[in-house]
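In what follows, chains are A, B, ... by sequence order, proteins preceding strands, each numbered from 1.
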Number of protein chains: 2
Amino acid sequence: MSVTYKNIEYQCSMELTLNLIGGKWKSLILWYLGEKTMRFSELRRALPQVTQKMLTQQLRELEDHGLVNRFVYTQIPPKVEYSLTEAGKSLMPILATMCEWGQHFASQAESSDKKPV
Amino acid sequence: MSVTYKNIEYQCSMELTLNLIGGKWKSLILWYLGEKTMRFSELRRALPQVTQKMLTQQLRELEDHGLVNRFVYTQIPPKVEYSLTEAGKSLMPILATMCEWGQHFASQAESSDKKPV
DNA sequence: CTGAATCCTCGTCGATACTG
DNA sequence: CAGTATCGACGAGGATTCAG
């Protein structure tokens with residue numbers, strides 16, 4: 001039942017998965033990278049509400065967990081491209097399912113929230 | 001693309017889903033309740049590492065989000081049973097998939113982490 | 001352009017004590 | 001049994017500045 005990753009033990013492997021994608025912006029980052037490889041500045045434009053610090057941090061963690069590839073072009077000005085690893089790609093169906101579920105849930109909630117006035 | 005729930009707007013409905021199940025102990029609680037209805041004290045025993053405060057808090061949130069039913073037996077001593085709503089049950093396949101993915105991911109990582117000494 | 005480093009705030013969570 | 005209330009520690013995360 002329990003799983004260990006990076007010296008951290010989880011009661012259930014589901015917890016591990018949530019930890020990998022549950023970062024504040026990770027799911028969105030993965031989602032964008034799922035469509036195409038992106039440069040750092042592209043991601044910044046795509047996610048304006050994410051501070052640079054957080055974007056860098058989340059990308060580092062994703063890279064560290066082997067979900068994202070970081071490719072540096074050694075040149076001036078610097079250019080860095082991010083893309084999904086195979087592990088990252090294998091996550092996409094889950095994210096897609098969560099996307100659908102969330103949409104359905106929200107529309108259900110909306111109709112039941114609309115109490116008669 | 002964006003979704004609103006409880007007056008909070010998410011860029012993607014996937015974020016909403018993560019918010020609903022991403023609480024520190026929510027996934028585990030849902031997982032247990034997925035197998036059977038449980039009393040508060042049963043959950044406590046099943047999740048010893050969760051403080052009573054957190055357990056109550058997470059259950060309240062799950063209930064508030066319509067994922068968990070709370071049924072109070074009006075008696076002395078008190079008895080409260082928690083179970084999944086239909087929405088909560090519909091979440092189980094996602095949790096199961098995350099469980100499998102996490103397990104697979106961990107075993108992959110393990111083999112590649114074992115660097116030759 | 002892509003980052004690292006610092007400071008500071010604010011929410012989360014654990015520990016503890018109390019209640020119907 | 002099933003909570004609520006309060007306090008304090010801790011860390012995530014934002015704003016800003018500096019660097020290669």
Side-chain angles (χ1 to χ4, degrees), chain A residues 6-11 15-16 18-30 32-33 36-65 68-84, chain B residues 6-11 15-16 18-30 32-33 36-65 68-84:
Chain A
K6 302 260 179 189
N7 287 325
I8 297 176
E9 186 172 351
Y10 300 89
Q11 276 201 70
E15 284 184 288
L16 168 59
L18 272 172
N19 249 284
L20 295 177
I21 66 178
K24 190 160 191 187
W25 307 108
K26 288 181 183 174
S27 59
L28 275 177
I29 294 174
L30 290 169
Y32 274 105
L33 292 182
K36 62 167 182 175
T37 294
M38 290 176 85
R39 295 187 52 173
F40 186 77
S41 49
E42 277 186 288
L43 280 169
R44 290 219 61 188
R45 276 191 297 274
L47 301 164
Q49 73 283 40
V50 184
T51 63
Q52 185 195 48
K53 175 191 172 182
M54 284 313 295
L55 185 54
T56 302
Q57 186 183 112
Q58 303 274 298
L59 282 167
R60 286 289 176 286
E61 292 181 12
L62 289 170
E63 184 195 4
D64 207 51
H65 295 150
V68 159
N69 283 131
R70 180 166 178 267
F71 188 81
V72 182
Y73 293 84
T74 313
Q75 63 178 43
I76 303 291
K79 173 177 171 181
V80 181
E81 280 187 347
Y82 294 92
S83 59
L84 292 189
Chain B
K6 302 260 181 190
N7 288 325
I8 297 177
E9 186 173 350
Y10 301 88
Q11 275 201 73
E15 285 185 286
L16 167 59
L18 272 171
N19 248 282
L20 296 177
I21 67 178
K24 190 162 191 185
W25 306 108
K26 288 182 183 173
S27 60
L28 276 178
I29 294 173
L30 289 169
Y32 274 105
L33 292 183
K36 61 167 181 173
T37 295
M38 290 176 84
R39 294 187 54 172
F40 186 77
S41 50
E42 278 185 287
L43 280 169
R44 289 218 63 185
R45 275 191 297 274
L47 301 165
Q49 74 280 42
V50 183
T51 62
Q52 187 194 46
K53 174 190 172 182
M54 285 311 295
L55 185 54
T56 302
Q57 187 182 112
Q58 303 272 298
L59 282 168
R60 286 289 178 283
E61 291 181 13
L62 289 170
E63 185 194 2
D64 208 50
H65 295 151
V68 160
N69 284 132
R70 179 166 180 268
F71 189 81
V72 183
Y73 293 83
T74 313
Q75 63 178 43
I76 303 291
K79 173 176 170 182
V80 181
E81 280 187 348
Y82 293 92
S83 59
L84 294 189

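End-to-end axis angle for the helix from dC1(C)-dG20(D) to dG20(C)-dC1(D), using five pairs per end and rounding to 10°, comes out at 40°.
Look at CD1 on Ile76(B): it is 10 Å from C1' on dA2(D), rounded to the nearest Å. A straight line from CG of Leu55(B) to C1' of dT12(C) spans 16 Å, rounded to a whole angstrom. One atom, CD of Glu61(A), and another, C1' of dG13(D), lie 12 Å apart when rounded to the nearest Å. Between Met54(A) atom CE and dA5(C) atom P the separation is 16 Å, expressed in whole Å. If you take CD of Glu42(A) and P of dC1(C), they are 12 Å apart, rounded to a whole angstrom. Between the NZ atom of Lys24(A) and the C1' atom of dG14(D) there is a distance of 9 Å, rounded to whole Å. What separates CE of Met38(B) from C1' of dA2(D) is a distance of 15 Å, to the nearest Å. Between the CZ atom of Phe71(B) and the C1' atom of dA2(D) there is a distance of 16 Å, given to the nearest Å.
Considering all non-hydrogen atoms of both residues, Thr37(B) and Glu42(B) come closest at O-OE1, 4.2 Å. When all heavy atoms of Glu15(B) and Ser27(A) are compared, the pair lying nearest together is CG-OG, 4.2 Å. Contact detail for Tyr32(A) and Leu43(A): the closest heavy-atom pair is CB-CD2, 4.3 Å. Contact detail for Leu55(B) and Val50(B): the closest heavy-atom pair is N-CG1, 3.7 Å. Tyr10(B) and Leu16(B) get closest at one heavy-atom pair: CE1-CD1, 3.7 Å. Closest non-hydrogen pair, Lys26(B) versus Ile21(B), comes out as CB-O, 3.7 Å.
Here Arg60(A) does not reach the OP1 or OP2 of dT2(C): none of its side-chain N or O atoms lies under 4.0 Å away. Side-chain N/O atoms of Ser41(B) include one lying less than 4.0 angstrom from OP1 or OP2 on dA2(D). Contact annotation: Thr51(B) side-chain N/O to dC13(C) OP1/OP2 distance is not under 4.0 Å.
Residue Asn19(A) holds its CG atom at 12.5 Å from NZ of Lys6(A), rounded to the nearest 0.5 Å. Separating the NZ atom in Lys24(B) from the CD atom in Gln58(B) is a distance of 9.0 Å, to the nearest 0.5 Å. The distance from atom CZ of Phe40(B) to atom CG of Leu59(B), rounded to the nearest 0.5 Å, is 6.5 Å. For the atom pair Lys36(B) NZ and Leu84(B) CG, the distance stands at 13.0 Å (nearest 0.5 Å).
Residue Tyr82(A) is classed as a sugar-phosphate contact, given heavy-atom separations below 4.0 Å to backbone atoms only. Residue Arg44(A) is out of contact with every strand shown, counting any heavy-atom pair closer than 4.0 Å.
Residue Arg39(B) places its side chain closer to dC1(D) than to any other of dC13(C), dC1(D), dT2(C). Among the nucleotides dT2(C), dG13(D), dG3(C), the one closest to the side chain of Arg70(A) is dG3(C).
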Tabulate protein N/O versus nucleotide N/O from nucleotides 16-20 of chain C, keeping only pairs under 3.5 Å, one per line.
none

